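First the structure, in the form of structure tokens, and then the observations on it.
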Amino acid sequence: MFRRKLTALDYHNPSGFDCKDETEFRNFIVWLEDQKIRHYKIEDRGNLRNIHSSDWPKFFEKYVQDVSCPFSAQERPETVDWLLGLAVRFEYGDNVDKYKDCKPEAASNDTEKPSDPLINLDSNNPDFKAGVMALANLLQIQRHDDYLVMLKAIRILIQERLTPEAIAKASQSKEGLPVSLDKHILGFDTGDATLNEAAQILRLLHIEELRELQTRINEAIVAVQAIIADPRTDYRLGKVGR
Amino acid sequence: MVSDSKGIFYVNDPLEKLMFEELRNACRGGGFGGFLPAMKQIGNVAALPGIVHKSIGLPDVHSGYGFAIGNMAAFDMSDPTSVVSPGGVGFDINCGVRLLRTNLDEGDVQPVKEQLAQALFDHIPVGGGFQGGHTHERQGPGRSTGDGGGLVPEGRLRLGRGQGALRGVRQDAAGRPQQGLFEGQEERPAAVPVALHGLGRGRLTLVLYLTQLGTLGAGNHYAEIQVVDEIYNDYAAKKMGIDHKGQVCVMIHSGSRGLGHQVATDALVAMEKAMKRDKITVNDRQLACARVTSEEGQDYLKGMAAAGNYAWVNRASMTFLTRQAFAKVFTTTPDDLDMHVIYDVSHNIAKVEEHMVDGKQKTLLVHRKGSTRAFPPHHPLIAVDYQLTGQPVLIGGTMGTCSYVLTGTEQGMTETFGTTCHGAGRALSRAKSRRNLDFQDVLDRLADQGIAIRVASPKLVMEEAPESYKNVTDVVNTCHDAGISKKAIKLRPIAVIKG
């Protein structure tokens, strides 16, 4: 549980250390004081070094107080952690030049994603409204009462149509069969030709989303099958025909 | 039990004549197979408790056990008296058809037609009972079990056969997700052990029926190599990967083999008792049923789901074998032959579906026996690529006649709860066919038509001869003209393998 700090301090057994093992613990404290913390003068460390003495806990308690540890000796894991922290601080203090240029390792996965910039926008700000309106006019996007909704529409339009990737994608010839809209069966009638057409377009957009979902499902299945199934038929075992 | 529901059926003139002829024969005491004539059966179903809308006969309707084959009947799930009836599903639960496409043209296949038919015959085990499984030839003399006699399985040897089929399915499915091309994704795989447990059987039964997995079976089941003969709807055809006349497809028609039969038989016995207990009266003893909510009803639905899954795996495993056979003959890979599943439909199943009844959305248990689900465009339960075309409906013809692919329509959704015909429909009883026809004549006629044929039991061929069936074109045109489904593609066979 103290692996990182122990490793930093070059402890001989960083991952196996168990502070509940009395002998190991006492040896560890002696090692820590001798090598790292050096709070007492060498000649004053005798009581602490005498790890077989039945009075050792008393001297350890005093040591904890002497180094001004906020925890009592009974709270052993906390004390150990605090002492290790102290030792690391001394270690750093002794070798500032060596450590000061160390860069933290680039955390690969668990960096926080930049939060959605839209969250912090004040949608009632007149500047914001004017900006959104201007963009919407430029991109010929329908007006909507909620400016955030309009901004989202603008973002989708730009992402789908105006980013370099989208433009590159659009210039590739797309597979598929062009079919005129009125040939498709809508499945219901709104009683209004324009509404019907809009509904048909919504249907098609929905199908496109479904297709995308199905593709991802297929990919997931293939990925799982790559792990769970390696189906190979041993044809020598089979006998074909009668 | 008073029901104000009606029975109706769809026919054109020639089909109408057949219906009335059957009725007339029955009134004279002819009848066949111990079944009432289809017209009476449709009426009897209309009197079952909890039925909504109508009891509907599709154009290929003919008499069967209890329910006519080609009958759709839906029951209101919110009505506590509603019933589920095994007769409304049939004994071969989830008997159905699957269509594979290839990128081959008739010209590529004609020269190797015989080899291809032989390769299919070699790869796909055929025949009735427990014969013809994957390791049949490894069983020594005396161990072959004929028609299910000596049912104790030979342990590992036979289990290995089933597992071989399963491995094939896995290999077939890997890397090629099926994109929701089956109708029955709501069926739960876990239903198998549950159902068998419910039936008071255990591992033994499971092992037993595993041996039949990946086998075609006998009767009207077949695998056919077909070519596109006509395209009625270009757009729908293209969506299915069919772009020209002469393109080669493979149709597989099979079901749940012995397992479905077992589930149905056991349920019928249990339900007779339940009917007495719940005081359900029906017009025909064969219409044994149980309330959907009763233990017997739930047990049957679970068993049916299990048998349904079994049938899908069965067809999937034969898909694998078909792909292997084609790859072998054309010395390439199945993927290079673009051998993908166009669709897979069930002809015998009951499903819980949402439908509009008198303007209100209701949850119904829709029995489709010898009829096919045909959902319209935009229905949420059909695969995304068929959202604009409507669900593909695969109509298998009979030996030597053509097959069709239809699509579901909005009109069918309201008129028949999204149901259409399933095939040609029997016109002569099996016994009558055997009496009236000679198998050699039947085979010769197929050969004259240029159809390669491989049959495991030729003496039963006359039962399946085109003469024994209604004219599939009549049937399909009636559905098309009635608007309950639309024609998309016509296929004609060039090679047939049968049990």
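Sequence lines set the chain letters: A, B, ... in the order given, protein chains first and strands last, and positions in each chain run from 1. None of the values given here were measured: they were computed from a predicted structure. Every heavy atom of this structure was used, including side-chain atoms; hydrogens, water molecules and symmetry mates were not.
For the atom pair CD of Glu24(A) and CZ of Arg26(A), the computed distance is 13.0 Å after rounding to the nearest 0.5 Å.
We find that Glu91(A) and Lys5(A) are not joined by a salt bridge, their nearest charged nitrogen and carboxylate oxygen being 4.0 Å or further apart.
In this structure a side-chain-to-backbone donor-acceptor pair under 3.5 Å is missing from Arg373(B) to Gly418(B).
Contact tally against chain A (heavy-atom pairs below 4.5 Å) for Thr389(B), Thr409(B), Leu388(B): the top residue is Leu388(B).
Across all their heavy atoms, Gln387(B) and His379(B) have their closest contact at NE2-O, 2.8 Å.
For Leu204(A), the part lying near chain B is the side chain, with the backbone staying farther off; criterion is any non-hydrogen pair under 4.5 Å. For Pro377(B), the part sitting under 4.5 Å from any heavy atom of chain A is the side chain, from C-beta outward, and nothing else.
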